[in-house]
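Here the structure is laid out as structure tokens; the discussion comes afterwards.
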Amino acid sequence: MNNSFRQLGVLTNWVRGIACVTGLIVVCNIGIDLYVNHLLRLIRDGAVENPSLLLMGMHGANRLQMVLDVGYGALLLLNIVLFFIWLHRAASNTEALGAKGLESSPGWTVGWFFVPVANLVMPYRAMREVWQASRAPAQWSTVRTGPCLLLWWLTHLFAGIAGQVKSVMLREAHGANAVLAASNVEITGMVLFLIATLLFVHIVGSLWNMQEAAWSQQTPALPPLPVAAIA
């Protein structure tokens with residue numbers, strides 16, 4: 001067995017913490033979109049005598065959202081890099097724990113994210129292998145992963161699809177109703193992303209806990225000190 005097991009506690013906390021912050025930004029953006037949609041409906045329906053005030057409110061909300069998006073993008077990019085480092089080390093740890101016959105090497109566990117078409121399926125399969133090998137290294141192929149990993153991957157994919165659909169709808173939007181429809185798709189995508197983020201935080205923490213438990217079972221305990229040495 002390879003004894004190159006690496007502690008991931010600090011990196012795990014960083015990845016989960018940044019993910020939580022990005023999730024909070026998404027919640028704020030959902031609130032802003034709902035507020036802007038409400039103002040847009042009032043203008044569309046002619047429910048106010050002076051729509052210019054509502055337009056000023058919409059512009060202010062959009063400016064706030066732009067500021068949040070800058071912070072969100074920077075944090076997301078940072079966390080993607082940290083996650084790939086974490087994932088490579090977690091995959092390497094499965095070898096240190098004694099798992100054999102895995103389909104994806106530590107390098108390909110990360111590399112699949114960059115392969116077109118294959119990145120729709122293979123990153124999930126690689127993550128599932130890391131989960132299985134972390135839970136039961138010697139019998140990893142018999143481990144059932146449950147729905148959490150699959151739900152995380154599907155919500156992640158559909159959130160991205162919703163974002164692309166929203167962009168197309170906005171380019172072709174004519175009138176308030178079309179803009180509202182595109183905004184509703186965007187909100188749906190953000191809700192899916194938020195669900196994916198919560199599942200991601202749970203998965204990363206659980207996977208590291210499983211690896212730590214598996215390593216502690218394989219590491220021989222230190223013998224007790226002699227009584228004379230204690231004295």
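Please read these numbers as outputs of a predicted model, since none were measured by experiment.
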E186/M169 under side chain to side chain contact (heavy atoms under 4.5 Å, CB included): CA gap, chis, key distance, verdict: CA-CA 10 Å; E186 181 182 31; M169 292 176 68; over 6 Å; no
Taking M122 as the starting point, is it possible to reach I203 by hopping between hydrophobic residues whose side chains are less than 4.5 Å apart? no
Any side-chain heavy-atom pair from Q132 and T94 closer than 4.5 angstrom? no
Going by heavy atoms in the side chains, are L207 and W86 under 4.5 Å from each other? yes
Would you kindly confirm whether I195 and L24 end up in one hydrophobic cluster when ILVMFWY residues are joined by side chain heavy atoms under 4.5 Å apart? no
Smallest separation among heavy atoms of C148 and H202, with atom names: SG-CD2, 3.5 Å
Membership question, hydrophobic clusters at under 4.5 Å side-chain separation (ILVMFWY): are V121 and L151 in the same one? yes
L34, V191: one ILVMFWY side-chain cluster at the under-4.5 Å cut-off? yes
Would you confirm whether the ring centroid of F84 sits within less than 6.0 angstrom of the ring centroid of F114? yes
Cluster companions of M66 among Ile, Leu, Val, Met, Phe, Trp, Tyr (side-chain spacing under 4.5 Å): none
Dump the intermediate steps for side chain to side chain contact (heavy atoms under 4.5 Å, CB included) on M58 and I43, then the final yes or no. CA-CA 11 Å; M58 290 174 59; I43 296 173; 3.8 Å; yes
P123 versus A118, closest heavy-atom pair with distance: CD-O, 3.6 Å
Do the rings of F83 and W152 sit parallel, tilted or perpendicular, given the 30° and 60° boundaries? perpendicular
Does a side-chain heavy-atom distance below 4.5 Å link N79 with L75? no
Quick one: CG on N177 to CZ on R41, what's the gap to the nearest 0.5 Å? 9.5 Å
Going by side chain to side chain contact (heavy atoms under 4.5 Å, CB included), name the residues that satisfy it together with A61, two or more places apart in sequence or in a different chain. I32, Y35, V36
Which heavy atom of A99 sits nearest a heavy atom of A133, and at what distance? CB-CB, 3.7 Å
Those residues that, when tested against T109, pass side-chain hydrogen bond (donor to acceptor under 3.5 Å, both in side chains) (two or more places apart): none
Measuring from atom CG of L78 to atom CH2 of W14, what distance do you get when rounded to the nearest 0.5 angstrom? 8.0 Å
Please round to the nearest 0.5 Å and tell me the distance separating atom OG of S92 and atom CG of L97. 11.0 Å
Roughly how far, to the nearest 0.5 Å, is SG of C28 from CE of M190? 10.5 Å
When you look at CZ of R16, are more than 12 heavy atoms from neighbouring residues, nucleotides or ligands closer to it than 6.0 Å? yes
Counting only heavy atoms from other residues, nucleotides and ligands, does the tally under 6.0 Å from CZ of R128 exceed 12? yes
What one should report as the nearest heavy-atom pair of G23 and L194 is O-CD1, 3.6 Å
Just how far is it from atom OG1 of T22 to atom CG of N29, taken to the nearest 0.5 Å? 11.0 Å
Between L102 and W215, is there shared hydrophobic-cluster membership here, with clusters defined by ILVMFWY side-chain heavy atoms closer than 4.5 Å? no
Rounded to the nearest 0.5 Å, what separation is found between the CG atom of L40 and the CG atom of L180? 4.5 Å
Quick one: do the R6 and N93 side chains pair a donor with an acceptor below 3.5 Å? no
Do V15 and F200 have side chains that get closer than 4.5 Å, going by heavy atoms? yes
Answer whether the closest heavy-atom distance between the side chains of T197 and V26 falls below 4.5 Å. no
Closest heavy-atom pair, A91 versus P106, reported as atoms and distance to 0.1 Å, is CB-CA, 3.7 Å
Please confirm whether the backbone N or O of A213 pairs with a side-chain atom of S216, one donor and one acceptor, at under 3.5 Å? yes
Do any N or O atoms from the side chain of E129 and from the backbone of S104 form a donor-acceptor pair under 3.5 angstrom? yes
Going through the distances and angles, do D33 and Q65 end up as a side-chain hydrogen bond (donor to acceptor under 3.5 Å, both in side chains)? CA-CA 9 Å; D33 274 2; Q65 196 167 47; 2.9 Å; yes
Would you find a donor on one side and an acceptor on the other, under 3.5 Å apart, between the side chain of T188 and the backbone of N184? yes
Is there a side-chain contact between H156 and L192, using heavy atoms and a 4.5 Å cut-off? no
Keeping W153 on the side-chain end and L120 on the backbone end, is there a donor-acceptor pair under 3.5 Å? yes
In short, F5 meets Q211 closest at the heavy-atom pair CZ-O, 3.7 Å
Within the 4.5 Å heavy-atom criterion, are F158 and T155 side-chain neighbours or not? no
Evaluate the side-chain proximity of W131 to S206: yes if any heavy-atom separation is below 4.5 Å, no if none is. yes
